[in-house]
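Before any comments, here is the structure.
Small disclaimer: the values here were computed from a predicted structure and weren't measured.
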Amino acid sequence: MRNKIVELKNVTKNFGNQQVLKGIDLNIYENEFLTLLGPSGCGKTTILRIIAGFEEPSGGQVLFNGIEFSKVPPYKREVNTVFQKYALFPFLNVEENVAFGLNLKKTEKGVVGEKVSRMLKLVGLEGFEKRDVDRLSGGQQQRVAIARALVNEPKVLLLDEPLGALDAKLRKEMQVELKKIQKEVGITFIFVTHDQEEALSMSDTVVVMNQGTIQQIGTPVDIYNEPENRFVADFIGESNIIDGQMLRDCLVRFDGMDFECVDKGFKDNEEVEVVLRPEDLVIVKPQEAQIRGRVTSVVFKGVHYEILIETETREYKVHTTQFFETGLSVGIIFDKDDVHVMYKMDY
Amino acid sequence: MKQFKKLVVPYIIWSAVFVVFPLVLIFLYAVTTGGNSLVNIKFTWDSFQKMAEPIYVSVFLRSLKLGVITTIICLGLGYPLAYMISKCREQVQVILILFITIPMWINTLLRTYAWISILQDNGLLNSLLEWLGFGKLHFMYTDVAVVMGLVCDLLPFMIIPIHTVLTKMDHSLIEAAQDLGADKWQVFGKVIFKMSIPGVLNGVTMVFLLAISAFVIPKLLGGAQYFLIGNLIEDQFLNVGNWNFGSAISIILALAILLIINLMRKVDSDGAGGDEE
Amino acid sequence: MKKHIELTENDNVNEDNLKVSGKRKDKNMKSKKLGSILYIGLVFFFLYLPIFVTMIFSFNSSKSLTRWDGFSLRWYERLWTDRDIIAAVWVSVSIALLATVVSTILGTITAIGLSKCRKVLKEWILNVNNIPVLNPDIVTAIGLMILFSSIGFFEKGYMTMLFAHIIFCTPYVITSVYPKVRALDVNLANAAMDLGATPFQALTKVIFPMIKPGIFAGILLSFTMSFDDFVVSYFVTGNGVSNISIVVYNMTKRTNPTINALSTLVIIVIVITMLIVNLVPMLAKRQDKTNMKNERNTK
């Protein structure tokens, strides 16, 4: 396995009486693109600020290359940050902003110039050296912020919702760009976002958080296909979540019907939750399916229709490219691979 | 950033010694007697009772009267001016306001001194009156001279806050009023003036406070025997040497001013519906 | 096509109508505008009358302050030989400079610290800070007079005057710097430290450049407030130490055109400073615009 670069061991953080981090254990490896994903207030930004050194943890350990460093001030860390609203220095131009860190280290003039222009080339801002930063577009400011952080050759780059202020199209472009830059510089990126699509499309590892705890750590595919609990299933993509009972390995019962699945390792008759993704459901004639219901709503979503089907016990959400009329009696089927069984969450 | 919190410590000490402590001293002097030595100090309300004597009451009333007159004249002169300036082009406004502020930066004393040569019995104003065929008038050492000096000194304090609210006003409100059928005067009375009340209150407060505590202008234009509150305080400290009584008057003046400021703030927040501070 | 012509003709008619009513309006507007200009002129005349009288009669060849007897510079020459005046100018200028330096430093660091304080403490400090601003000058003055005579640490004179000026200037620095500090993005200092700046470097390299306009305003305010002060100086001074205002005050007891000459110089200094301060930013903006244009043209 690759080397761990940052380790958080049972890290807690209190603000007044409020505990925003409740014992975080997290290993972050060299060269990985790791995303902290969760709704606002889940503690993801606090983790980032602890790694950057702007906050001290209330408890636990933070290791950098195996050495405890939670008391090291931010200016002595080999970590740099791209701030949410970029925090560019408005009284300096593009070049001076990027050179800020190098100048503090009293780097030789020639070296500074060379490194800065290499960085600006990397982020695609050649020719903007003398421009005032407040005369740049949001996307360009973003690139300056990235260049300003990367030019110091940090071991880890922290990005705090850096794409939040950009419009949808630009955000897509920057996602691709960021991934490309990360591959090129080959360092660890820790990215904070509340946008699940952003997290899934860029990351090597996704850490899903809620209310100060980690819900699941995994690759984007794992997170999407095998959500460990209701929160993750609900937060990542859309889903039909159904209470059920695991009769035995590979057999689950819900709504009085038994379905085959591929999940194992639960206790017999354990109470579980079952996730069915809307795009995995197939609408067929009623007689061909165990689950039967009536179409109550059809909404065109651009690529697919979102169809709501009401059965006797619940409502299913189905995504399909086929059109069905409201009022039609239909059946729903799915593959046994598409049944995801999760441990029940205690609320 | 948290390290920067300690930066307030020097000022806390500084202001305790040089801002708060002097006020405590004034208060101590006001409620004691026994001259300026600490040995035979005695607590008493005598200094406050002394203020009820007719000569002092008349000084307070005169200060109040001149303060009110000055404020009314400043408002009457200043509001139309602020309104007219706010109607000008933006660059013109900047320049006009700059020229309104410049006199504020020039010492009151210097400007008041010039008023003496204007208002003297043989001064410029009387020369002008004579030349126009009117008789000479006596200005110096009268209320007229003092009010003239005060208005000239304090007018900018009225104009600037009013001008600020007038320019900040949302123009669409005026258009909305016109759209709803208000004529020019109704627009002014029901919209513009109402919305400029915070600025008016601000200006009125400042002019009134500065007028009742003035001490240079009444001394130069009113003469040595002309007493307003400020002159009374000065006299007690520098000539009579009764620091206790002088301190008591100062306390009353400071409290009155504090009261007026708070009152105006309250009126302001009630009147304006509390939409702005 | 015909329809189009008709339309344009109609438009013309309407436009003419508009023009007619517009002209009527114009006339009304013009007389109104004239009234405004007249009124503005009159009020400005009133405001500037004492200033002009002072300046004009400073060049009068006779001692009269009311009768013009010809141009001369004798009162200005007198200024150079009057020891009291030279001493007072020195006192005013040196105290204004020293008070500005000290109060700017004290006020700026306080404003920076304030933004990081707990709310209660912050409100307390801001309230205390308001005392010298709201209190009548004369109350501040006697407070300091009592303080200086009762602690007896300083002999009354130059030092007491200097301290008094620092005391009443600092609140103005705080009130002009603090809003700038509050408007700062907290992440700017964090960003600087993230890039390797120590807290001190973050202060000097990021925070100071950002709040420079506020500091500059504070410097200007303190300098003019100190240079202009009469009331506080008058009460706290002693041992014959006088600034310009006190000298002028003492001279008002008899007719003395030297005051006019001195006043004129002070007025000129202040007007020039005010004009520079207000016009330089305007010109700088214009310069920036032309720079932008040039940049675009060369591209």
Does any heavy atom of chain B fall under 4.5 Å from the side chain of [X], the backbone, both, or neither of them?
X	value
C/I109	both
C/S150	side chain
C/F168	neither
C/I40	both
C/L47	both
C/N129	both
C/V128	both
C/F52	neither

Report the option among [options] that has the most heavy-atom pairs separated by less than 4.5 Å from atoms of chain B.
options	result
C/V53, C/N135, C/I142	C/I142
C/F227, C/W124, C/Y249	C/Y249
C/G35, C/G143, C/P50	C/P50
C/L134, C/V139, C/I167, C/T54	C/I167
C/N260, C/I174, C/L262, C/V269	C/I174

Where on [X] is there a heavy atom nearer than 4.5 Å to chain C: the side chain, the backbone, both, or neither?
X	result
B/L253	side chain
B/K219	side chain
B/L124	both
B/I106	both
B/I261	side chain
B/V9	neither
B/F99	both
B/L110	both
B/L210	neither
B/M148	both
B/L96	both
B/I26	both

Review point. Between CZ of C/F223 and CH2 of B/W105, what distance do you get to the nearest 0.5 Å?
Key: 12.0 Å
Under 4.5 Å between any side-chain heavy atoms of [X] and [Y], yes or no?
X	Y	result
C/S36	B/Y83	no
B/F18	C/I166	no
C/I51	B/P103	yes
B/L238	C/Y234	yes
C/F57	B/S117	no

Practice item. Could you check B/W243 against C/M145 for side-chain contact (heavy atoms from CB on, under 4.5 Å), going step by step and ending with a plain yes or no? Key: CA-CA 10 Å; B/W243 288 21; C/M145 178 187 170; 3.6 Å; yes
If you draw a 6.0 Å radius around [atom1] in [X], do more than 12 non-hydrogen atoms from other residues or ligands fall strictly inside?
X	atom1	result
B/Y141	OH	no
B/F27	CZ	no
B/F188	CZ	yes

Check [X] against [Y] and note the closest heavy-atom contact, atom names and distance.
X	Y	result
C/S245	B/L109	O-CD2, 2.9 Å
B/S247	C/I146	OG-CD1, 3.7 Å
B/G76	C/Y39	O-OH, 3.9 Å
B/V8	C/G113	CG1-C, 3.4 Å

Review point. Relative to each other, are the rings of C/F230 and B/F215 parallel, tilted or perpendicular (30° and 60° limits)?
Key: parallel
Review point. What residue in B/G246, B/A114, B/P156 has the most heavy-atom pairs under 4.5 Å with chain C?
Key: B/A114
Review point. Between B/N107 and C/V266, is a side-chain contact (heavy atoms from CB on, under 4.5 Å) present by the stated rule, with each step listed?
Key: CA-CA 9 Å; B/N107 202 318; C/V266 172; 5.9 Å; no
Practice item. In sequence, state the C-alpha distance, the side-chain angles, and the governing distance for B/T108 and C/D228, and then conclude on side-chain contact (heavy atoms from CB on, under 4.5 Å). Key: CA-CA 8 Å; B/T108 307; C/D228 244 15; over 6 Å; no
Review point. Can B/I12 and C/L121 be said to form a side-chain contact (heavy atoms from CB on, under 4.5 Å), step by step?
Key: CA-CA 10 Å; B/I12 291 178; C/L121 183 63; 4.3 Å; yes
